[in-house]
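Throughout, numbering of the chain's residues begins at 1 and tracks the sequence. All of these numbers come straight from a predicted model, not from anything done at the bench.
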Amino acid sequence: MISDSINGVFVIAAGGVANGSFPVPSKHILIWKWEHIWLIYSAFAMAILPIGLALIFAPQIIRQTLIRDPYLTAQVGGCGLLFGAGSVLFGVSLARLGIAITNALVSGIVVFLGSLWPIMVGGVQIDRRHLQWLIFGLTLLILSLILCAGASVSRDRSQQNKLNEERPSTGAFVAVLLAVLAGCLSSVLNVGFASGAPLIANAKIDGSPPLLASLAVWIPALFGGLIFNMGYPAYLISLRGSWPVLFEGHHCVGRWCRSALMGSMWFGAVLLYGFGASVLGSAGSVYGWALGMSVSILTANVWGVAGGEWNGASFQPKLLMLLSTVLLIASFGVLCLTRLPR
């Protein structure tokens, strides 16, 4: 039992590393705009890979499992649709608020609500003592995000002052509301996973490999998310008449490969989370979500340091970032110790 839980934690942690690393291949992609990268990334992450893996290695998921319970399949797809809307709103608020504030708001809400949604909707039962420790771990995680946001804002403000730049402040209140809504909607993806547990169980009964059984949830959920995640970039590309850009330039193949790699890493993170959460047991969608997100945020912070984002920053933002990292590691420890059986 203990070894299974430890294995589940390691699998989810590996997924968190992949999730925190998936934007890295998009660095320094020239010519393409955000919408071109996101279109290809979404196609691979939410359609080509999940459906392709199922058709090759677990065709019974599509032929039997999902058809057997169309109502639950549609319900999971609806959760994915809300997740997709949250992704688009995240992109909109990112342009208005900047990276630091948007990431802190959205990540904090996604972590907190995503971990508690399965409990609130009755999909997971957890005793009072474990719930208290869970909330304590989540509180440490959110405090870490607040400090991280403060560090990022302080760093960006000093850089703007050096360049004599100002960030437009118009519509800030609306942008904050959009970011909050983005976090709330994005967290619903975990509701789809928790409520779709019977689909995963049926997929295993139908003979699907344990690692791929969660595709019974991810296929409808991610297909729902695909509608907005591909629809909005496609709209922007059509609006700007930039479809030919996808096939122009000497490094066109490289741009496609890097965007596809983004999708592969993100989907790999989702697949590992689904498998690890199943290994953790009935409360896996609660603890697994928080564990995976904490590792993802820590990984993203490490990539930020490695990429030179903090070069030239003053002592104050670096200190805040260090404290944020300490709290993040502490929250991971609390969540792990709370979940592992004694």
Side-chain angles (χ1 to χ4, degrees), residues 1 3-16 18-19 45-84 114-126 186-226 266-293 339:
M1 181 68 176
S3 61
D4 287 343
S5 296
I6 293 175
N7 290 336
V9 168
F10 274 113
V11 169
I12 290 173
N19 190 37
M46 301 179 192
I48 296 174
L49 288 174
I51 296 176
L53 279 176
L55 289 175
I56 296 172
F57 299 105
Q60 60 272 22
I61 289 178
I62 297 176
R63 296 173 184 172
Q64 302 176 29
T65 309
L66 297 179
I67 297 176
R68 185 184 304 146
D69 196 342
Y71 175 77
L72 183 55
T73 299
Q75 180 181 340
V76 172
C79 291
L81 187 68
L82 294 176
F83 152 74
S115 299
L116 294 181
W117 272 130
I119 300 174
M120 291 187 288
V121 299
V124 173
Q125 300 296 325
I126 187 171
S186 297
S187 66
V188 177
L189 181 64
N190 202 36
V191 178
F193 176 77
S195 62
L199 293 175
I200 298 177
N202 289 334
K204 293 178 181 178
I205 295 173
D206 292 337
S208 299
L211 178 60
L212 300 180
S214 63
L215 286 175
V217 166
W218 297 132
I219 287 176
L222 297 183
F223 187 79
L226 185 72
W266 187 86
F267 174 70
V270 168
L271 195 63
L272 288 173
Y273 162 68
F275 178 65
S278 298
V279 171
L280 286 180
S282 60
S285 60
V286 176
Y287 291 98
W289 183 265
L291 290 171
M293 287 297 297
R339 182 64 193 104

Look up atom [atom1] in [X] and atom [atom2] in [Y], then write down how far apart they are to the nearest 0.5 Å.
X: S214; Y: I61; atom1: OG; atom2: CD1; answer: 8.0 Å
X: L280; Y: N7; atom1: CG; atom2: CG; answer: 10.0 Å
X: L226; Y: F83; atom1: CG; atom2: CZ; answer: 10.0 Å

Just to verify, what does [X] make a side-chain contact (heavy atoms from CB on, under 4.5 Å) with, not counting sequence neighbours?
X: A13; value: V295
X: I62; value: I51, A54, L55, I219
X: S115; value: L138, W289, A290
X: F57; value: L53, L212

side-chain contact (heavy atoms from CB on, under 4.5 Å), that's the test. Do F267 and I48 meet it? Break it down for me. CA-CA 10 Å; F267 174 70; I48 296 174; over 6 Å; no

Donor-acceptor under 3.5 Å (N19 side chain, G15 main chain):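 Between the backbone of G15 and the side chain of N19 there is no qualifying donor-acceptor contact (under 3.5 Å).
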
Would you say [X] and [Y] make side-chain contact, with heavy atoms under 4.5 Å?
X: P198; Y: D69; result: no
X: F275; Y: P210; result: yes
X: L215; Y: L271; result: yes

Taking all non-hydrogen atoms of both residues, which atom of [X] and which atom of [Y] are closest, and how far apart?
X: K204; Y: A213; answer: CG-CB, 3.7 Å
X: G196; Y: V76; answer: CA-CG2, 3.9 Å
X: V286; Y: P118; answer: CG2-CB, 4.1 Å
X: T73; Y: P220; answer: O-CB, 3.6 Å

For [range], which residue pairs pass the salt bridge (Lys or Arg N to Asp or Glu O under 4.0 Å) check, not counting sequence neighbours?
range: residues 71-84; result: none
range: residues 51-63; result: none
range: residues 267-289; result: none

For R68, which residues count as a salt bridge (Lys or Arg N to Asp or Glu O under 4.0 Å) partner, sequence neighbours excluded?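 With neighbours one apart ignored, the set is D206.
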
Check side chain to side chain donor-acceptor pair (under 3.5 Å) between [X] and all other residues, then give those that pass, not counting sequence neighbours.
X: S208; result: Q60
X: S187; result: W117
X: Q64; result: none

Inter- and intrachain pairs under ring-ring contact (aromatic ring centres under 6.0 Å, His included), touching residues 189-216, at least two apart: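 Of all non-adjacent pairs touching residues 189-216, those that pass ring-ring contact (aromatic ring centres under 6.0 Å, His included) are F193-W218, F193-Y273.
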
